[in-house]
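First up is the structure itself, then whatever we jot down about it.
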Protein chains: 2
Amino acid sequence: MPRAGVTADRLTRAAAEMADEAGLENVTASALARRFGVTVASLYSHVKNVEDLRLRVVALVLDELADRVAAALAGRAGKDALVAFAGAYREFAKAHPGRYAATQPRLDPGKATPEIVAAGRRHTELTRAILRGYGVPEAEQTPAVRLLSSTFHGYVTLEIAGGFAHTGDVDASWSRILDALDVALRNWPAD
Amino acid sequence: MPRAGVTADRLTRAAAEMADEAGLENVTASALARRFGVTVASLYSHVKNVEDLRLRVVALVLDELADRVAAALAGRAGKDALVAFAGAYREFAKAHPGRYAATQPRLDPGKATPEIVAAGRRHTELTRAILRGYGVPEAEQTPAVRLLSSTFHGYVTLEIAGGFAHTGDVDASWSRILDALDVALRNWPAD
DNA sequence: CTCGCTTCCTAAAGGCTTTAAGAATTTGGA
DNA sequence: TCCAAATTCTTAAAGCCTTTAGGAAGCGAG
C-alpha cells in the first residue's frame with residue numbers, strides 16, 4: 001500500500017478548508033484522518049497533538065488574512081486605507097468563517113507559537129500603516145492600533161455570530177463605524 | 001439514597017463557576033455530574049443536552065453582566081457613563097474569564113434562545129443609555145451601539161487572550177481608547 | 001398509604017484523543 | 001545496486017466524553 005503523503009502542512013491546510021466547509025467544531029483529528037484515507041494514529045507522526053494542529057491553523061490563517069489586508073492596503077492612505085483594511089478584514093471573515101473562528105484565541109496566552117507571534121506583529125505593522133496617514137503621534141500608536149484591532153475583530157465576531165440580530169443594515173453600520181473611527185483618528189485626543 | 005437535588009438552574013450556576021475556576025474547556029457534563037455526586041446520565045433529566053446547558057450559561061452570564069453594567073451606569077451621563085460602562089464590562093470579563101468565554105458565540109446564529117435574545121436587548125438598551133447623553137441622533141444609534149459593543153468586546157477578548165502581548169500598558173490603552181470613543185461620539189459624523 | 005411523577009442508576013453504544021509496538025515503505029550512502 | 005536507517009502507517013488498547021434506553025427508588029398529592 002503506497003503512502004498517503006500526509007504532511008503537517010497538508011494537514012493544516014486541510015483543517016482550514018474543513019473549518020470553512022463543515023464548521024470549526026467538526027474539524028477533528030479523526031475527520032482529518034478520514035479525509036486523507038489514513039488511520040487517526042498516523043497523524044501523530046506529523047503533528048504533536050490536536051492542540052499543535054490548532055496552533056498551526058491559527059498561524060496559517062493569520063498569515064492569509066495579513067496577505068489580504070496588505071494587498072488591499074497597497075497604495076492607499078488616510079481614510080481610503082482605513083476603509084480598505086477594514087473591508088478586506090471583514091470580507092475575509094465572512095468568506096471564511098471557519099478559518100476566522102479558528103483564530104479566536106480559546107483563552108490561553110503563553111501558548112502562542114513563534115509563528116503566531118510573528119503573524120500578530122505583521123497585523124500590528126499593517127495597522128500602523130494606517131495610522132501613518134493620520135499623523136497619530138508615535139506614543140499614541142499602541143492604543144490606536146488596539147482601538148482598530150478591537151473594533152474590527154469585535155464587529156466581525158458579533159456579526160458572524162448573529163449578535164446584530166437582523167435589525168438594521170450591517171453594511172450601513174459598518175460604514176458609519178468607519179466614519180466614526182476616521183473622526184477619532186483625525187482628532188486623536190491629546191495626551 | 002436521598003436525592004442530590006440537581007436542577008437546571010443549579011447546573012447552570014455550577015457550570016458558570018466551574019468555567020471561571022477550571023477554564024471553560026474543562027466544564028463538561030461528566031465533570032458537573034462528579035461535582036454533584038451524581039451519574040452523568042442523571043443530568044439528562046434536567047437538561048436536554050450539553051448544548052442546552054451551554055445556552056443556559058450564556059443567558060445567565062449575559063444577565064449577570066448586564067446587572068453589573070446597569071449598576072455602574074446608575075446616575076451617570078456623558079463620558080462618565082461611557083467610562084463606567086466600559087469599566088464594568090472589562091472588570092467583569094477579567095474577574096470571570098470562564099464566564100466571559102462562555103459568552104463568545106461559537107458561531108451559530110439561530111441557536112439563540114429567547115432568554116439570550118432578551119439579554120442581548122438589555123445590553124443594547126444599556127448601551128443606548130450612554131448615547132442619550134451624547135445626543136447621537138436616533139437614526140445613528142444602531143451603528144453607534146455597534147461601535148461600542150464591538151470595541152469593548154473586541155478589546156476584552158484580545159486582552160484576555162494575550163493578544164496584546166505584554167507590550168505597552170493595557171490599562172493606559174484602554175483609557176486612551178475611551179478618550180477616542182468619547183471624541184467620536186461627541187463628533188458623530190453627520191449622515 | 002399508595003399512585004404517579006420525577007430523579008437517579010446501570011448498561012451500553014459510539015466518537016474522540018493519545019500512546020505503544022511493530023510492519024511496510026522510502027531514501028541515501030556504501 | 002542493495003541494504004540499513006529513518007519515516008510513515010497500522011493494529012491494539014486505554015481513557016474520556018455524550019447520549020439513549022430501561023428500570024428502581026424517592027417524594028408529594030390525594
Side-chain angles (χ1 to χ4, degrees), chain A residues 1-60 98 101-102 104-108 111 113, chain B residues 1-60 98 101-102 104-108 111 113:
Chain A
M1 201 183 283
R3 296 194 175 174
V6 177
T7 292
D9 280 338
R10 302 234 263 161
L11 281 177
T12 305
R13 285 194 296 269
E17 286 165 20
M18 197 178 268
D20 283 338
E21 292 161 8
L24 184 60
E25 68 280 5
N26 293 318
V27 19
T28 68
S30 305
L32 271 176
R34 259 174 255 131
R35 177 157 173 155
F36 278 88
V38 147
T39 310
V40 207
S42 305
L43 303 191
Y44 289 77
S45 294
H46 306 279
V47 141
K48 193 156 147 287
N49 52 33
V50 166
E51 173 77 355
D52 177 23
L53 179 62
R54 213 198 89 220
L55 294 175
R56 285 170 192 265
V57 173
V58 172
L60 169 68
Q104 313 268 78
R106 300 265 162 298
L107 199 52
D108 293 288
K111 281 198 177 172
T113 64
Chain B
M1 200 182 284
R3 296 196 175 171
V6 177
T7 292
D9 281 338
R10 302 236 259 162
L11 281 176
T12 306
R13 284 194 297 270
E17 287 166 20
M18 197 178 270
D20 284 338
E21 293 161 7
L24 184 61
E25 69 280 5
N26 293 318
V27 20
T28 68
S30 304
L32 271 175
R34 260 173 254 132
R35 177 157 172 154
F36 278 88
V38 146
T39 311
V40 208
S42 305
L43 303 191
Y44 289 78
S45 294
H46 306 279
V47 142
K48 192 156 149 290
N49 52 34
V50 166
E51 172 77 355
D52 177 22
L53 179 63
R54 213 198 88 219
L55 294 175
R56 285 169 191 266
V57 173
V58 172
L60 169 70
Q104 314 267 78
R106 301 263 165 297
L107 199 53
D108 292 291
K111 280 199 178 174
T113 64

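As a basis for the values below, the full set of heavy atoms in this structure was taken, side chains included, without hydrogen atoms, waters or symmetry mates. Convention: sequence-line order gives letters A, B, ...; per-chain numbering from 1.
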What one-letter contact string describes nucleotides 11-18 of chain D from 5' to 3', where B marks a base within less than 4.0 Å of any protein heavy atom, S marks contact via sugar-phosphate atoms alone, and - marks no contact?
B-----SB
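Rounded to an integer number of Å, the gap from CG of Leu11(A) to C1' of dT8(D) is 12 Å. Separating the CG atom of Leu43(A) from the P atom of dT8(D) is a distance of 12 Å, rounded to the nearest angstrom. When rounded to the nearest whole Å, the span between CZ of Arg54(A) and P of dT18(C) equals 12 Å. Following rounding to the nearest Å, Arg35(A) (CZ) and dC16(C) (C1') show an atom-to-atom distance of 19 Å. The interatomic distance linking Phe36(B) (CZ) with dC9(C) (P) rounds to 13 Å, in whole Å. Rounded to whole angstrom, the span from the CG atom of Leu53(B) across to the P atom of dT19(D) amounts to 10 Å.
Closest approach of Ala29(A) and Val50(A) over heavy atoms only: CB-CG2, 4.0 Å.
One finds no side-chain N or O of His46(B) lying less than 4.0 angstrom from the OP1 or OP2 phosphate oxygen of dT6(C).
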Under 3.5 Å, sequence neighbours excluded: what are the donor-acceptor pairs made by side chains of residues 32-47 of chain B?
| unit_1 | atom_1 | unit_2 | atom_2 | d |
| --- | --- | --- | --- | --- |
| Arg35(B) | NH2 | Glu17(B) | OE1 | 2.7 |
| Ser42(B) | OG | Thr39(B) | O | 3.3 |
| His46(B) | ND1 | Val6(B) | O | 3.4 |

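Every side chain to side chain contact (heavy atoms under 4.5 Å, CB included) that Leu55(A) has, sequence neighbours left out, goes to Glu51(A), Thr113(A), Ile116(A).
Donor-acceptor pairing under 3.5 Å, judged by distance alone, is absent between the side chain of Arg3(A) and the base of dT26(C).
One distance of note links CG of Asn49(A) with CG of Leu53(A); it measures 9.0 Å at 0.5 Å rounding. Here the CG atom belonging to Asp52(A) is positioned 11.5 Å from the NZ atom belonging to Lys111(A), to the nearest 0.5 angstrom.
Here the side chain of Thr28(A) pairs a donor or acceptor atom with the backbone of Ala31(A) at under 3.5 angstrom.
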